[in-house]
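Okay, structure first, notes after.
Just so you know, these numbers come straight off a predicted model, no measurement behind them.
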Amino acid sequence: MDILFVTIMLIVVFALIFDFINGFHDTANAIATSVSTKALTPRRAVLLAAVMNLIGALTFTGVAKTITSGITNPFDLENGMVVILAALIAAIVWNLLTWYFGIPSSSSHAIIGSVVGAVIASSGFSAINFAGLSGIVVALLVSPVLAFVVGFIFYGIIKVIFKNSNLAKTNKRFRLVQVLTAALQSFSHGTNDAQKSMGIITMALIVGGMHESTAIPFWVQLSCALAMGLGTSVGGWRIIKTVGGKIMKIRPVNGVAADLTGASVIFGATLIHLPVSTTHVISSGILGVGASHRVKGVNWGVAKRMVITWVITLPITATIAGITYLVLNLFL
């Protein structure tokens, strides 16, 4: 069998595995607050997230196109197949490690860092599209800060509006609203996160001479959407426990503010075709809401641990991908 065809099939399989893992690794963040406040049972929350992620993933492709051509030029990538395969393996390894230890790290950082590391190992720094990469990195850095600020403001507005309301009745109403906000956040997650694998597969098709543009084939879009939806249905309870309970004590009113924050920032990034870390955005939104509610009520130790993980993900995954590329290049 032709080695090119086999390599492309491996890339498609690994990309779908990455999306599946992303489903239970990252999507857990989107429903963590609604599960923590008991607005939804874990089973219903996972089902809701799976459906909304699937719909979101089928709605947009702009972020996928950015991944396809924003980091490097797929039409002129040396040993492109091995580069992409190495990047996927590295990102999967990192996602599984952080999932196992319950650390809500970024799948976006993982796949972007891995692509950069594999490209550098293959062709050096000259093969990196620094203009495109800088835009992606800026989005990854700015989005969590923006989410913190938006979360702080959203909850501040809610506090003013409902300052004279009965707490018990308010929480009951917000628990109902939170079902809608959890659905909205899961939808926004699908519009951004599922597209990373779409972009990777399309890049592989271009490198292999099987596709002539950065337009995302529908079968790629559908298969990635289904993989993420299936991964979501499996659930990621380790991550839910960290995001939903260890950062701060979440009540329905906090949860609504955090969900609206995450959905607005993620969806805004999708509209301008930029990949962001949904983990960063959602966790930072919760931190912003918590700080607005009561600064001392936030577990800043957990926040510090997450920030450290976010910072080290890019260089670690780049290194893993570079080493993986060198090993794979000996056999492919």
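Taking each heavy atom of Val83 and Glu78 in turn, the nearest pair found is CG2-O, 3.8 Å. Nearest approach of Ser122 to Asn79, heavy atoms of both residues: OG-CB, 4.1 Å. Heavy-atom minimum distance, Lys65 versus Ala215: CE-CA, 4.1 Å. When all heavy atoms of Asp19 and Ala194 are compared, the pair lying nearest together is OD2-O, 3.5 Å. The nearest pair of heavy atoms linking Ala147 to Thr261 is O-CG2, 3.2 Å. Between Cys224 and Ile201, the closest heavy-atom pair is SG-CD1, 3.8 Å.
Taking Ile, Leu, Val, Met, Phe, Trp and Tyr as members and joining any whose side-chain heavy atoms lie under 4.5 Å apart, directly or through other members, the hydrophobic cluster of Leu226 also contains Leu54, Leu58, Phe218, Leu222. Connectivity analysis of hydrophobic side chains (ILVMFWY, heavy atoms under 4.5 Å, direct or indirect) links Val142 to Val138.
Val179 is not listed as a side-chain neighbour of Ser34, based on a closest heavy-atom distance of 4.5 Å or more. Ile200 is not listed as a side-chain neighbour of Phe14, based on a closest heavy-atom distance of 4.5 Å or more. Taking 4.5 Å as the limit, every side-chain heavy atom of Val265 sits out of range of all side-chain heavy atoms of Val276. Residues Met52 and His189 are not in side-chain contact: their nearest non-hydrogen atoms beyond the backbone lie 4.5 Å or more apart. Looking at heavy atoms from C-beta onward, Val12 lies in side-chain contact with Trp219 at the 4.5 angstrom threshold. The shortest distance between side-chain heavy atoms of His109 and His280 falls below 4.5 Å.
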For this session: Please assess Lys172 against Leu176 for the test side chain to side chain contact (heavy atoms under 4.5 Å, CB included), listing each intermediate value before the final yes or no.
Result: CA-CA 7 Å; Lys172 185 176 181 180; Leu176 296 175; 5.6 Å; no
Exercise. Should Leu314 and Val116 be marked as a side chain to side chain contact (heavy atoms under 4.5 Å, CB included) after you check the CA-CA gap, both sets of side-chain angles, and the distance that decides it?
Worked result: CA-CA 9 Å; Leu314 281 171; Val116 170; over 6 Å; no
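Here Asn22 contributes atom CG and Asn53 contributes atom CG; the two are 8.5 Å apart, rounded to the nearest 0.5 Å. Between Ser114 atom OG and Ile89 atom CD1 the span is 10.0 Å, to the nearest 0.5 Å. With rounding to the nearest 0.5 Å, the separation of CG in Leu260 from CD in Gln185 is 8.5 Å. Taken to the nearest 0.5 Å, the CG atom of Asp193 stands 7.5 Å off from the CD1 atom of Ile266. Atoms OH and OG, on Tyr325 and Ser123 in that order, are 6.5 Å from each other to the nearest 0.5 Å. A distance of 12.5 Å separates CD1 in Ile67 from NE2 in His273, rounded to the nearest 0.5 Å.
Residues satisfying the side-chain hydrogen bond (donor to acceptor under 3.5 Å, both in side chains) criterion with Thr191, sequence neighbours excluded, are Thr270. Taking Ala110 as the reference, Ala91, Trp94, Asn95, Thr313, Thr317 meet the side-chain contact (heavy atoms from CB on, under 4.5 Å) condition, with sequence neighbours excluded. Residues passing the side-chain contact (heavy atoms from CB on, under 4.5 Å) test with Ile157, sequence neighbours excluded: Ile153, Ile161. Considering only residues two or more places apart in sequence or on other chains, Phe174 meets the ring pair (Phe, Tyr, Trp, His ring centres under 6.0 Å) condition with Phe162. In this structure Ile136 satisfies the side-chain contact (heavy atoms from CB on, under 4.5 Å) test together with Thr66, Ile71, Ile112, Leu140, Pro275, sequence neighbours excluded. Qualifying side-chain contact (heavy atoms from CB on, under 4.5 Å) partners for Thr59, counting only residues two or more places apart in sequence or in other chains: Ile55, Phe187. Taking the side-chain hydrogen bond (donor to acceptor under 3.5 Å, both in side chains) definition, one finds that Thr181 meets it with Asp259, sequence neighbours left out. In this structure, the ring pair (Phe, Tyr, Trp, His ring centres under 6.0 Å) partners of Phe267, at least two apart in sequence or on a different chain, are Phe60.
Counting heavy-atom neighbours within 6.0 Å of Lys159 NZ, excluding the residue itself, gives a total above 12.
Residues Ile17 and Val220 fall within the same hydrophobic cluster, defined by Ile, Leu, Val, Met, Phe, Trp and Tyr side chains chained together at heavy-atom separations under 4.5 Å. Both Phe20 and Leu97 are assigned to one and the same hydrophobic cluster, defined by single-linkage of ILVMFWY side chains at heavy-atom distances under 4.5 Å. A chain of hydrophobic side-chain contacts below 4.5 Å, direct or via other Ile, Leu, Val, Met, Phe, Trp or Tyr residues, connects Met210 to Ile216. At a threshold of 4.5 Å between side-chain heavy atoms, the hydrophobic network of Ile, Leu, Val, Met, Phe, Trp and Tyr places Leu180 and Leu40 in two separate groups. No path of Ile, Leu, Val, Met, Phe, Trp and Tyr side chains, each step under 4.5 Å between heavy atoms, connects Ile11 with Val327, placing them in separate hydrophobic clusters.
Proximity of a side-chain donor or acceptor of Thr41 to a complementary backbone N or O of Arg44 within less than 3.5 Å is detected. At least one donor-acceptor pair closer than 3.5 Å links the side chain of Thr324 to the backbone N or O of Ile320. Side chain of Thr68 to main chain of Gly199: a donor-acceptor pair is present (N/O by atom type, distance under 3.5 Å, no hydrogens or angles). Under a 3.5 Å cut-off, the side chain of Gln195 and the backbone N or O of Val63 do form a donor-acceptor pair.
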Donor-acceptor contacts, no H, no angles, side chain residues 202-209, under 3.5 Å, sequence neighbours left out:
{"from": "Thr202", "atom 1": "OG1", "to": "Met198", "atom 2": "O", "distance (Å)": "2.8"}

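For the residue pair Ser277 / Ser108, no side-chain donor-acceptor distance below 3.5 Å is found, with atom types taken as modelled. Between the side chains of Asn129 and Thr72, no donor N or O sits under 3.5 Å from an acceptor N or O.
Among pairs with a residue in residues 115-157, those fulfilling ring-ring contact (aromatic ring centres under 6.0 Å, His included) read Tyr155-His293, at least two apart in sequence or across chains.
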